[in-house]
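So the structure is just underneath, and the comments pick up after that.
A note on names: the letters A, B, ... follow the listed sequences, proteins ahead of strands, and every chain is numbered from 1. Bear in mind that the values here come from a model prediction, so they are computed numbers and not experimental data.
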Protein chains: 2
Amino acid sequence: MNEKQFIEVSKSLTNRTRLKILEWLKEPDENFPPHPTLGHFDFGVCGTFIQKKTEMSQSTISTYLNSMEKCELLISTRKGKWTYFKRNEKIIKDYIEYLK
Amino acid sequence: MNEKQFIEVSKSLTNRTRLKILEWLKEPDENFPPHPTLGHFDFGVCGTFIQKKTEMSQSTISTYLNSMEKCELLISTRKGKWTYFKRNEKIIKDYIEYLK
DNA sequence: CAAACATATTGATAGTTTTCGATTTGTCAA
DNA sequence: TTGACAAATCGAAAACTATCAATATGTTTG
């Protein structure tokens, strides 16, 4: 991880809602209903589910999720019309290493 | 560490100059001249030294140092007319724990 | 006490982030 | 191929952050 990426990750961590999303994605099965079609969380949770839980607007959460993906805190996978998001544990580790 | 403090620490970590200050304070003797009166870095480094090294204005660095102290990333000690700043290793550990 | 130096505060401007509603684009399934 | 749903983008207003020069406040020392 370089300084630029570290700063972008730090920016993601300055907002309550984005932190909540990261927490929820740690335990998808405890925080979200089972997915109707997929039946598992191997790719994470789809954007709509996350947005519903935040009670913020669709555009705001889309912006959040995309910025978190851009700095690599999240990994996204498109499956048909849904986009799934999951935590990128590696980047969190790298961030901690850099901070140390 | 609670969410509020975590967010404030994250904010401190979103700026290149503040990151540099944290790095420099990790090895004061390698990054700053020996202090004329004190002769050691047990309380950290005085504000003027830090400001000189950044090449930013005194008021900006004063604001930075104070905000970093407020969120407890730094510990400050006033000795006469100087204020010394050092890293608060405990808060950095707590921050990492929270993030995990 | 006054001069000199360190630090904090103030007030201002420029830039960035937050957040939304509206619109657009992508994808599926009837 | 159209209707419905998911996601991304756009444009705008409000809030917040960065940064400075100028000024004020503390503190030491001659």
Side-chain angles (χ1 to χ4, degrees), chain A residues 3-4 6-22 25 32-33 35-38 41 43-71 73-86, chain B residues 3-4 7-22 25 28 32-33 35-38 41 43-71 73-86:
Chain A
E3 191 188 52
K4 200 166 149 54
F6 183 88
I7 287 175
E8 292 311 310
V9 172
S10 296
K11 285 182 185 173
S12 280
L13 303 176
T14 62
N15 170 294
R16 183 163 199 173
T17 303
R18 287 187 297 257
L19 286 179
K20 286 265 167 265
I21 291 171
L22 272 181
L25 290 181
F32 298 95
H35 196 281
T37 59
L38 235 46
F41 291 108
F43 300 110
V45 178
C46 90
T48 304
F49 279 24
I50 297 171
Q51 185 254 314
K52 290 276 159 49
K53 202 166 161 100
T54 62
E55 299 186 342
M56 292 184 77
S57 78
Q58 185 266 323
S59 61
T60 298
I61 300 307
S62 174
T63 306
Y64 281 6
L65 293 173
N66 278 81
S67 72
M68 292 167 85
E69 199 215 343
K70 189 152 180 242
C71 74
L73 258 181
L74 298 183
I75 295 169
S76 81
T77 313
R78 181 115 196 189
K79 291 269 160 192
K81 65 179 169 179
W82 296 285
T83 306
Y84 297 92
F85 294 89
K86 65 175 176 183
Chain B
E3 190 189 53
K4 201 167 149 53
I7 286 174
E8 292 311 309
V9 172
S10 296
K11 284 182 185 172
S12 281
L13 302 176
T14 62
N15 172 294
R16 182 164 198 169
T17 303
R18 287 187 299 257
L19 286 179
K20 286 263 166 269
I21 292 172
L22 272 180
L25 291 181
F32 299 95
H35 197 281
T37 58
L38 234 45
F41 291 110
F43 301 110
V45 179
C46 91
T48 303
F49 280 23
I50 296 172
Q51 186 253 313
K52 291 275 159 49
K53 202 167 163 100
T54 61
E55 300 185 341
M56 292 182 78
S57 79
Q58 185 267 321
S59 61
T60 298
I61 300 307
S62 175
T63 307
Y64 281 5
L65 293 173
N66 277 80
S67 72
M68 290 167 86
E69 198 217 344
K70 191 154 179 242
C71 74
L73 258 181
L74 298 181
I75 294 169
S76 81
T77 314
R78 181 114 196 189
K79 291 268 160 192
K81 64 180 170 178
W82 295 285
T83 306
Y84 297 93
F85 294 89
K86 66 174 176 183

Test item: A/Lys70 and A/Glu8 side chains (from C-beta on) under 4.5 Å apart, heavy atoms:
no
Is the shortest side-chain heavy-atom distance between B/Lys20 and B/Thr54 below 4.5 Å?
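SC-SC contact between B/Lys20 and B/Thr54 ruled out.
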Can you tell me how far [atom2] of [N] sits from [atom1] of [X], to the nearest Å?
{"X": "B/Ile50", "N": "C/dT7", "atom1": "CD1", "atom2": "C1'", "answer": "12 Å"}
{"X": "A/Ile7", "N": "C/dT17", "atom1": "CD1", "atom2": "P", "answer": "11 Å"}
{"X": "B/Asn15", "N": "D/dC16", "atom1": "CG", "atom2": "C1'", "answer": "15 Å"}
{"X": "B/Leu74", "N": "C/dA8", "atom1": "CG", "atom2": "P", "answer": "12 Å"}
{"X": "B/Lys79", "N": "C/dT7", "atom1": "NZ", "atom2": "P", "answer": "14 Å"}
{"X": "B/Phe43", "N": "C/dA6", "atom1": "CZ", "atom2": "P", "answer": "19 Å"}
{"X": "B/Ile61", "N": "C/dA8", "atom1": "CD1", "atom2": "P", "answer": "12 Å"}

So what does B/Arg16 touch, heavy atoms closer than 4.0 Å: a base, only the sugar-phosphate, or nothing?
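Nothing, no heavy atom under 4.0 Å.
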Closest approach of B/Phe41 and B/Phe32, non-hydrogen atoms and distance?
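In terms of heavy atoms, the two residues are closest at CZ-O, 4.0 Å.
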From the options B/Arg18, B/Gln51, B/Lys52, select the one residue that forms a side chain to side chain contact (heavy atoms under 4.5 Å, CB included) with B/Ile61.
B/Gln51
Any donor and acceptor pair, going by atom type alone, linking the side chain of B/Ser10 with main-chain N or O of A/Leu13 inside 3.5 Å?
yes
Could you measure the distance from the OG1 atom of B/Thr17 to the CD1 atom of B/Ile50? Nearest 0.5 Å is fine.
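Reported to 0.5 Å precision, the distance equals 12.5 Å.
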Nucleotide N/O to protein N/O under 3.5 Å, stretch nucleotides 4-11 of chain D:
from	atom 1	to	atom 2	distance (Å)
D/dA6	O3'	A/Lys81	O	3.0
D/dA7	OP1	A/Thr83	N	2.5
D/dA7	OP1	A/Thr83	O	3.2
D/dA7	OP2	A/Thr48	N	2.8
D/dA7	OP2	A/Thr48	OG1	2.4
D/dA7	N7	A/Gln58	NE2	3.4
D/dA8	OP2	A/Ser62	OG	3.2
D/dA8	OP2	A/Asn66	OD1	3.0
D/dA8	N7	A/Gln58	NE2	3.0
D/dA8	N6	A/Gln58	OE1	2.7

